[in-house]
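Bear in mind the structure is a predicted one, so any value in this text is a computation, not a measurement. Indexing begins at 1, ligand by ligand and atom by atom, following the structure's order.
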Amino acid sequence: MAVLVMAEMQGQALALDATAKAVTAAQELGAVDLLVCGPDEAAQTAARLTGVAQVLQAGDAAYAQGSAENIAALLAGLATGYSHILAPATAYGRNILPRLAGLLDVMIIPDVVEILDAQTFRRPVYAGNALQTVRSQEALKVLTLRGTAFAPAPTGASAPVRAVAGPGDLGLSQPVEDRVLASERPELTSAKIVVSGGRGIGSESDFALIGALADKLGAALGASRAAVDSGFAPNDLQVGQTGKVVAPDLYIAIGISGAIQHLAGMKESKVIVAINKDEDAPIFQVADYGLVADLFQAVPELTDAL
Ligand code: FAD
């Protein structure tokens, strides 16, 4: 069986970590071709991933800005001969693959965390409270994969790169603006350490306490939805069912109660630390280390001690 993986792009650059995790998953299914919608440099980076048989590079400007319309049509044209088409379950992949599934008239199988065999996949449902096993009899299966469930494929290989073309710009949509937030901190979904703040922080200015601790640890910053809705932290920091899914080595939840929708985004973290003044807060049920304390005292002390 041959499997086509759509590489994750961040602008013109390959998002190596997310792509490498998708390649690991795809290797369980067959020989892996990797589609890169981007320039030569991104294709060359992709070619270094171990386990990739060939890189297909679509360098046309129509595919450079993540247009779901254009890229789904490109993928549909390339689909013949593949048993599976996969992509990371990110904003990029989630935007494109459902449209591809629609074009191919097959069902999308989203958020896969385990591949049992070529037809059978496991995925979380009910905010991560249950795992659903899905068996698909489609001749071609279209899947998105949760990166937190797969280790990244190593680099060091040198796969051939082949140029591919599709229908180009379909004229169905036009990018207006790409506003990317610049941050010195690590990217949330691939960070080894995440420090997250919740409603307990109380204000946007006090969120700096969480930022100071994150910087001491070289960590990414996260937030609960309540913190985001209250305007303490920007939207792209939200962790949870309707935010980002993270599984770092260390997750520190500060002033977060531990609602199931938040746990859905972080409970696979290897070590969970919670700081909360309410000893009955549900977050302590999933925490490996819990500190019942006022965050305004404990967090500065912890930051100083570090
Ligand atoms: P709260 O539940 O209000 O908890 C605040 C905590 O701070 C409390 O435990 C309190 O004891 C503690 N605290 C207060 N002051 C201090 C102090 N001085 N020192 C120490 N501790 C203190 N939520 C998400 O996070 N992510 C999601 O993706 C998400 N998606 C959702 C999707 C749906 C469909 C729905 C219905 C809800 C979703 N939610 C999500 C919301 C979720 O249900 C909770 O409302 C939210 O997670 C609560 O955030 P919180 O823990 O910051 O706030």
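For atom 22 (C) of ligand 1, the candidate residues are Q241, H262, K277, Q261; the nearest heavy-atom contact is made by K277. Across D280, N276, T242, heavy-atom proximity to atom 28 (O) of ligand 1 is greatest for T242.
Note that the CG atom of N235 and the CG atom of D229 stand 8.0 Å from one another [nearest 0.5 Å]. The CG atom of D206 sits 8.5 Å away from the CZ atom of F232 when rounded to the nearest 0.5 Å. Between atom CD of residue E28 and atom CZ of residue F150 there is a gap of 6.0 Å, rounded to the nearest 0.5 Å. Here the CZ atom belonging to R123 is positioned 5.0 Å from the CD atom belonging to Q132, to the nearest 0.5 angstrom. In this structure, OG1 in T90 is found 8.0 Å from CD1 in I96, a value given to the nearest 0.5 Å.
Tested against L97 for a side-chain contact (heavy atoms from CB on, under 4.5 Å), the candidates I108, L86, L143 yield a single pass: I108.
The backbone N or O of V246 lies less than 3.5 Å from no partner atom in the side chain of T189, so there is not a single donor-acceptor pair. A donor-acceptor contact shorter than 3.5 Å is absent between the side chain of D60 and the backbone of Y63.
Residue A293 has at least one heavy-atom neighbour below 4.0 Å for each of these atoms of ligand 1: 19 (N), 20 (C). Of all atoms in ligand 1, numbered sequentially from 1 with element shown, those under 4.0 Å from a heavy atom of G243 are 28 (O). Atom numbering of ligand 1 starts at 1 in the shown order; those under 4.0 Å from a heavy atom of S224 are 25 (O), 49 (O), 50 (P), 52 (O). Ligand 1 places these atoms under 4.0 Å from at least one heavy atom of G240: 26 (N), 27 (C), 28 (O). The contact set between ligand 1 and F296, taken as ligand atoms under 4.0 Å from a residue heavy atom, comprises 18 (N). Counting atoms of ligand 1 from 1 in the listed order, those under 4.0 Å from a heavy atom of G198 are 52 (O). Under a 4.0 Å criterion applied to the non-hydrogen atoms of A226, ligand 1 contributes the atoms 48 (C), 49 (O), 50 (P), 52 (O), 53 (O).
Considering only non-hydrogen protein atoms, atom 18 (N) of ligand 1 sits nearest to D294 OD1, 3.1 Å. In terms of protein heavy atoms, atom 26 (N) of ligand 1 is closest to V239 O, 2.8 Å. At the top of the distance list for atom 53 (O) of ligand 1, counting protein heavy atoms only, stands R199 CB, 3.4 Å. The nearest heavy-atom contact from the protein to atom 27 (C) of ligand 1 is Q238 NE2, 3.2 Å. Given atom 4 (O) of ligand 1, the protein heavy atom at minimum distance is S257 CB, 3.3 Å. Nearest to atom 23 (N) of ligand 1 among the protein's heavy atoms is R225 CB, 3.2 Å. Taking atom 5 (C) of ligand 1 as the reference point, the nearest protein heavy-atom neighbour is G255 O, 3.4 Å. Among protein heavy atoms, the minimum distance from atom 13 (N) of ligand 1 is reached at G200 CA, 3.7 Å.
With respect to the salt-bridge test (charged N to carboxylate O, under 4.0 angstrom), the residues R94 and D111 qualify. Under a 4.0 Å N-O distance rule, the pair D249/K270 qualifies as a salt bridge.
A donor-acceptor contact closer than 3.5 angstrom is absent between the side chains of T148 and E268.
Between L295 and ligand 1, a contact under 3.5 Å exists for at least one N or O pair. An N or O contact shorter than 3.5 Å is missing between A281 and ligand 1 by distance.
Residue-level proximity to ligand 1 for A259 is carried by the side chain, the only part with a heavy atom below 4.0 angstrom.
Cluster membership check: L250 shares its hydrophobic cluster with L306, using side-chain heavy-atom separations under 4.5 Å among Ile, Leu, Val, Met, Phe, Trp and Tyr.
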